[in-house]
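Single-structure report; data block below.
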Amino acid sequence: MLTGLASNTQSALHCFELLKANGLASGGPSSSVSWNHIFVSLNQYYSSLRRETPTSSEVSQRAPHIRGITLKELEGLISVLRLANVIAEKNENCRIAFCENQQWSLIVCLFGLLTCSVPPGLKAQILLTLSAIAKTPDIAANLWQTLEVSQIIPTTRSGSGKQPSGLQIELEEIETRNEEYPMILAFLGLINSLSDIPVPAGLVTGLRSPGFDPYLSFIRDDVFLKFDTRAYKDPAEKWKVASAALEIFVKLLKCHEIRAEDFTDEMVELQTGGTVAVNKSPGHTLIIHMLNHSGLLKKVLRILDDVAKVLETYSNVPGKKYMEKASLCCLQLIEYTLDKAEEFFDACREMGVSIMVSQMDRLLRGINPRTGKSDHLINVAKYITFNQVMPYHAMSAMKILFSVSRAAGIQADLVNLYTADQKTKSELLHGFVECLEVDDPEVSQDNMIILNEEKDEEVSLSGVRNSTRQYLLHTIIYSLEQPAPNLAHYLLGFELSKPVNKTNLQDPGILGSQKTCLHSLLTILDKGIGTLGGPQALIETPKLSELFYKLVYMLAANKDTSAAILRYLRTSWDFLYRHLQHVPFNGPFVTNHQSWLLRTVAIELRMTTLNRQRSHTQRLMKLLLDDHIDDPEQGILPGIDETVDTGFDKFSDTSYFQSSFHSHTTKQLQGRQIRRKILSLLDSVEFTQVYPQPLTLEYFDPGMIEQVIQKTESKTEDDTVYCNVKLLHSILLNELSNVQSNVMVANRPRILEEVQGILKNVVSRNSVRKSLSVKQQSYDAWRQVAEIWLTSCPEDLMPREIRQTVLFELLQELLSKVAEEDALTELTAPVSGTFLTLMANLKQCFVVEQSQVNRESSSKYSSMLEDPGSKTPWVQSSGSRTLFATSLQLVLKGLIDHVMCSGGGQQRVRANLYGALLYYLQIAEKPKSQQKGESVEGIGERLLSGTDSEYDQLTKENVATILSYGNHFMDTVCRDACDGHDVGRMLALSVLDKILSMDKFQQWLNFMTSKGYLQHLVDSLINDDNQLQSLLGPNPQLKVLYIYESKMSLLTRIAESTAGAHALLRAGIMSRLSSCNYFDMRPETSRLQNELGLTQDEFIPSPMARYRLLLFACLKLCLAILTSCGIENQDAGNQVLQFVFSHGEIFLNILRDRQPPQDLQALKELSLTTAVIARAQSRGVPDVEFNDFDTLAIEFRAHKMQIERQMISLFPKFCLSEKLTKQWKNFESGQEGRDIGVELLLTYLEIAANVTSYCRTVISASGLSSQYCRILFGPSLEEALSRDIRSGEEYSVSSLPFTPSLGVIVYQLRQCASNFMYVYDSHQQHQRKQHSSLSTDDLKEYSGVPMTEKIASHQRQQLARRRLSQIVNDKWREMQQLSYIIENCIFILWRHLEYYLVHCVPNDQQPSIYQVHIQRQQQMRRLQDLTGSPRSILEQQQHQYTQDPDEMSKIVSREELAAFKSNVTNVVSESLLKKIQEINQSFCKNRSHYGFVEALIRRLRRLLRLHT
């Protein structure tokens, strides 16, 4: 009765007090119902029965009834011990009172009775009572000592005899014979209770090897491994013994921590002499047995096999409860072994121990002795099919499968194992599906601190089932990344017998399809879709739904499963569209759900675009970008009741966008205005975060605490760092227990409170890190959707005005978010990349608008050409730059604010922002068509128009906005351009370039000059010299090249203004370039290289290509300086010439031009070189101003003469020829649609124009009339009548005549005139086609795409129009070059004809007059020679390189002059002059009002008429 009443803590205490008080009140021997009487009686029994330990023979002859204890006394003892057992188990205070009473000596008495000859039932009850008392840790430590002393399990053996004794002999001789095992079960219960605390460190010190090994060996070898070989009266007792032993193993293995001490042998001395190794921890021993083909592992796998077969029969067997418990413990043993195996192997490798162990996954793939098959993993998976009745088994089995699936190369084996036969395949798949289809909601444990050391208590069934299906999803997600076929493909219903990408997913039952995990998960997430409440799974099972959204994304991102899963979700479930209607998700437990969904939507948009599924793309775009509901009564979620097909038909064109945004722009909304979903999604992303307060500690050192916290941190799969709160709590408690001082003892409550505060702070840190990770993932997912829409979706699905509006809204929304004061850098840093993408697309929108008006501009330009007298001004319509003027300025201000707020350490952010700013500034650039139109229209017309174009107006507003930020922004950009990351420097230099091109008042230039930034950039050229020299070596660093190009581009931009050019010259730009040595490292190239003149577009350019990039940038800078300084600035010309002469050998080598005419890069190099020399020659100091006695002047003039000789020798080589023209026409278009032949021709003409200009400059600068100017060409006209002066031979300096003849000029003039008319007619023809509708043949010819290839008509039209525009521009450039050559050749021809026909005196005519003339010239020269020395070096060099007019007459004979006069009228014919006059009328007069050519033609005709 008392035992039944003591069923809880309070009643057990009352019962204990009753018996205690009863004994005290009676005070006499007649009071038998009291604790005092009971325990005194037990001591008396122990005293009477105590004797020496019997031998085995005495035990076998023992009588069944022990002397001194009758049967009634035995029943009474068992009853009172059972009462004490119940009371001790229910109430801890009673346990302590039992043990603290010295009079009772309960523990000693009970252990003493165990060593006596008492019936097994009494011993069993004693052990049960001791196990109840052992639940108190302090008492358990005392029990360990007493247990060791009692030797009921022999741990020390003396002598040579190794005979069994104690419980071992009881088990083998008595209980086995009786087929009942109460003592063993009770003993296992005692060890189970005692194992709740670690074995005391000082246990049996000096008597044996310390440790738990003797007890573990007894339980493992004598109890567990033999449990199924013994006979049992009660079959259930068999499973009781097995489950009790396995429970101890599970507890020991679960609590085990891998330590380095277990891998080394620690020796201790024994009292009997000698040393022994300390026993390893029991968990370590168990892991070694589990990772080998040991008896323990075999028995565990045998139990799993036996129990699985019994459970498949669904029959009741004796002891089924304990059988299920034993199988659960077996699963948990495997589970915990797998959890600790990796750490165990790492420790083995680190410590270098030689332990023979195997991977658990390999052991589980071993052969089952019973079946002869490798079916252990099938047995494990079968327990998942029993998830409804045994949820704990299913969870443990799922964890095992989760761990095993991560082993290398096991996925294919698992699939083959589970699909070996159809029955197993179906049953297992049905079991996995059942795991998912449970209705239990998840219980959140966020923000909870588990401080109880008795962790992992009984988990609710709901939590177990949810944990099981979460592990299932984790397994699928991991397996999906493995090679096919894998476990995920099997569980999700993909094809296993053929390629996975050939799968066609179907609903359950369709074409024999079985219900899979995919169907089950879709059903779970579909609940609540289409209702106002949204998806129920987000509230009931948030973790499961997050994992499934992640799974859907991974399936969509996987190349094998993407097409099948997206097609199935789209056609059968309309999954993405219906779920996207409910975003942004809201809920207390919503984390990355929205992120995974948006990522999948981005993939869907991309795939439908690639597959040209326009209706699906349009439908999603409407949902994301629409800003109103057509029908206000439709509800909050429009389109929920629509079927998929009707929805697709509804949005089959772009009319819905037109109507939507038309209502937006005209403010006439037909429906209810709503916020765009893409903006609502952005609203859900926060860029702020509240951080916990820093720790304020009194008893702990904050620095040490932070170090401990860092040691307990670890990364998760998504790279989020979390602190292990339980481990930290354990470390703090251990530290607290190790420090024993009066202060610690006195303030222990406050110290524990401080520990609690530390743990709460760490939990808050974990929450903040998780929140930051969620916010980063949310923004990244939104970014992917936005960028895929911008970069992949067809532009024609959305009108340009709508696209611009959405872009402006996104930019302004993002700029406002990052501008918040409390916005975190970690969250705002990725936004800079989005700014770059948005601005690139915004600029593209304006480019598209420009292309639409190009046709009108070209038409107007054509009419101006045809009717030069028309004065129609340019009429600028109100374009989008005017409509969005305010928005553009807001964007500019936001970008500049963000640049100034971002720190210098955020180099990637700065680079992205500079890129975005560069795209913005390019919006204000005028298109080339308008620039050409303005050049035709003339400056006067633009000044008289009185209004600025939208480009000019936007440029002014941009400059005003930029200047409003003052010197701070200027200083920021200039600093980044001078120092920082390479990419950031290049972009900052480009931004400076663009701003300087807009700053007409040159405030930025003045700032750079005054603050020394310009001087720093100029001086940096010397610092970069060594790096640029290494660039030409075998292992180049291309970043040096890119920075150099950006820097030179900026300097070239500065040089384009007069003030900038003067500032550069004052900074010594030319002297710096003259000092650079990399110009002198020009690589040598053989003539056989680039036979076709094409350069290979490789990632790393060739050394010659790298050198030319360096040289081209410098030559363009020189041209800009010369152009800006004007023809009057002689100093600029001389500085440029000095630069050329400082690297004279290089430029002379270039001018020798030994490359074939098909080498485009070589021609460009020669073109830039000749252009620089020609313009510098026209601006340099004339030769007459040099002092003949100045050494530098002499060297300067000598270099000048060398350059002059090479330049003049280039003239005949670069005359037009029909042979070259035909060769260039046969060139095919290169990459990016480049017409190589046209580029070769234009470059060739540029060189010819430069050489002609140089010759004209030399002639005009030498004298004011033909009588005193220099004569460069001889009086021969033979070349003028030839068809091709280049016929068959390669021209070089060595093969050319010493002095070219005038026939080369006439030949060039005739060729240019003939080609001009052909080019002019072609230009007019193509221009007419450009402004008319194109025929099919024209489209085929100009688009470059065969008519058989599928391409949209508007795209083919666009390609053809672009090609036509390119042809028209090329023809225009060709006409410009030809007309320029004609003008210069006319001038050179006039000067030479006037000299030869009027002023030239032959060397064999009137010798006296000739000698007088020569003597006069020599005397005039000698008057300047004060020393009277012979002819100076300068005169010798001048005589060597060229001839002046009087010296030219020495080599002109009378016969040559007569022949010249007789042939000149035939060569310079009237037809040629008329043709040139026609060219002048049709082309030149439209560009200039000067009659330069007409005047020369009149003078030529007069000369020919009067002097021939």
If we ignore hydrogens and angles and just use 3.5 Å, is the side chain of [X] paired with the main-chain N or O of [Y] as donor and acceptor?
| X | Y | value |
| --- | --- | --- |
| Thr337 | Leu333 | yes |
| His393 | Asn387 | no |
| Ser396 | Tyr392 | no |
| Thr720 | Thr716 | no |
| Thr264 | Glu261 | yes |
| Glu754 | Phe700 | yes |
| Thr468 | Val464 | yes |
| Gln907 | His981 | yes |
| Ser792 | Arg606 | no |

Notebook entry, point to check: On the ring face of Tyr478, is Arg406 found with NZ or CZ under 6.0 Å from the centre and within 45° of the axis?
Noted result: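 Ring-cation test returns yes.
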
Next item on the list: Starting from the C-alpha separation in whole Å, work towards a yes-or-no answer on side-chain hydrogen bond (donor to acceptor under 3.5 Å, both in side chains) for Gln689 and Lys775.
Entry: CA-CA 9 Å; Gln689 181 64 52; Lys775 291 174 181 178; 2.8 Å; yes

Check: Would a line drawn from the ring center of Phe263 to the ring center of His284 be shorter than 6.0 Å?
Finding: yes

Note to self: Would you say the ring centers of Phe835 and Tyr914 fall short of 6.0 Å from each other?
What the structure shows: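 Aromatic pair excluded; centres sit 6.0 Å or further apart.
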
Just checking, any donor-acceptor pair under 3.5 angstrom between side chains of [X] and [Y]?
| X | Y | answer |
| --- | --- | --- |
| Arg910 | Ser902 | yes |
| Asn724 | Thr712 | no |
| Glu442 | Thr541 | no |
| Gln777 | Arg599 | yes |
| Gln594 | Ser684 | yes |
| Tyr549 | His579 | yes |
| Thr834 | Tyr779 | yes |
| Arg908 | Asn912 | no |
| Gln411 | Ser479 | yes |
| Gln784 | Asp780 | yes |

Which pair of heavy atoms, one from [X] and one from [Y], lies closest together, and at what distance?
| X | Y | result |
| --- | --- | --- |
| Gln906 | Ala829 | NE2-CB, 4.3 Å |
| Leu480 | Asn486 | O-ND2, 3.9 Å |
| Val768 | Pro692 | CG2-CD, 3.6 Å |
| Leu815 | Val818 | O-CG2, 3.4 Å |
| Ile477 | Met554 | CG2-SD, 3.2 Å |
| Arg469 | Cys435 | CB-O, 3.6 Å |

Hey, what do you get for [atom1] ([X]) to [atom2] ([Y]), rounding to the nearest 0.5 Å?
| X | Y | atom1 | atom2 | value |
| --- | --- | --- | --- | --- |
| Ser545 | Leu525 | OG | CG | 6.0 Å |
| Leu414 | Leu364 | CG | CG | 10.0 Å |
| Leu732 | Ile705 | CG | CD1 | 5.0 Å |
| His593 | Glu546 | NE2 | CD | 5.0 Å |
| Leu772 | Glu686 | CG | CD | 11.0 Å |
| Leu682 | Trp782 | CG | CH2 | 4.5 Å |

Next item on the list: Quick one: do Asp262 and Lys280 satisfy salt bridge (Lys or Arg N to Asp or Glu O under 4.0 Å)? Show the steps, please.
Entry: CA-CA 6 Å; Asp262 290 330; Lys280 305 298 188 294; over 6 Å; no

Note to self: Pair Ser462, Asn466 - check side-chain contact (heavy atoms from CB on, under 4.5 Å), show working.
What the structure shows: CA-CA 6 Å; Ser462 175; Asn466 281 290; 3.5 Å; yes

Check: Is there a side-chain contact (heavy atoms from CB on, under 4.5 Å) between Asp339 and Ser403 once you walk through the steps?
Finding: CA-CA 7 Å; Asp339 289 343; Ser403 300; 3.9 Å; yes

Do [X] and [Y] come within less than 4.5 Å of each other through their side chains, counting heavy atoms only?
| X | Y | result |
| --- | --- | --- |
| Phe402 | Leu472 | no |
| Val353 | Cys348 | yes |
| Tyr722 | Lys770 | yes |
| Val690 | Asp822 | no |
| Ser195 | Leu252 | yes |
| Asn592 | Lys550 | no |
| Ser358 | Leu291 | no |
| Asn558 | Glu481 | no |

Margin query: Walk me through whether Glu540 and Ile524 qualify under side-chain contact (heavy atoms from CB on, under 4.5 Å).
Written below: CA-CA 10 Å; Glu540 296 177 356; Ile524 294 173; over 6 Å; no

Notebook entry, point to check: Can Glu820 and Thr688 be said to form a side-chain hydrogen bond (donor to acceptor under 3.5 Å, both in side chains), step by step?
Noted result: CA-CA 9 Å; Glu820 297 177 0; Thr688 59; 5.1 Å; no

Checklist line | Audit row: Leu487, Leu401, side-chain contact (heavy atoms from CB on, under 4.5 Å) steps and yes/no | finding: CA-CA 10 Å; Leu487 193 59; Leu401 188 60; 4.2 Å; yes

Note to self: Working note: Lys340 + Glu257, criterion salt bridge (Lys or Arg N to Asp or Glu O under 4.0 Å); need CA distance, chi angles, decisive distance, verdict.
What the structure shows: CA-CA 8 Å; Lys340 301 177 186 297; Glu257 295 182 2; over 6 Å; no

Next item on the list: Quick one: do Lys760 and Glu753 satisfy salt bridge (Lys or Arg N to Asp or Glu O under 4.0 Å)? Show the steps, please.
Entry: CA-CA 11 Å; Lys760 288 182 178 179; Glu753 184 179 350; over 6 Å; no

Item checked: Verdict with reasoning, Glu713 to Arg769, per salt bridge (Lys or Arg N to Asp or Glu O under 4.0 Å) -> CA-CA 12 Å; Glu713 290 177 346; Arg769 289 169 178 171; 2.9 Å; yes

Item checked: Residue Met900 excluded, over 12 heavy atoms near CE under 6.0 Å -> yes

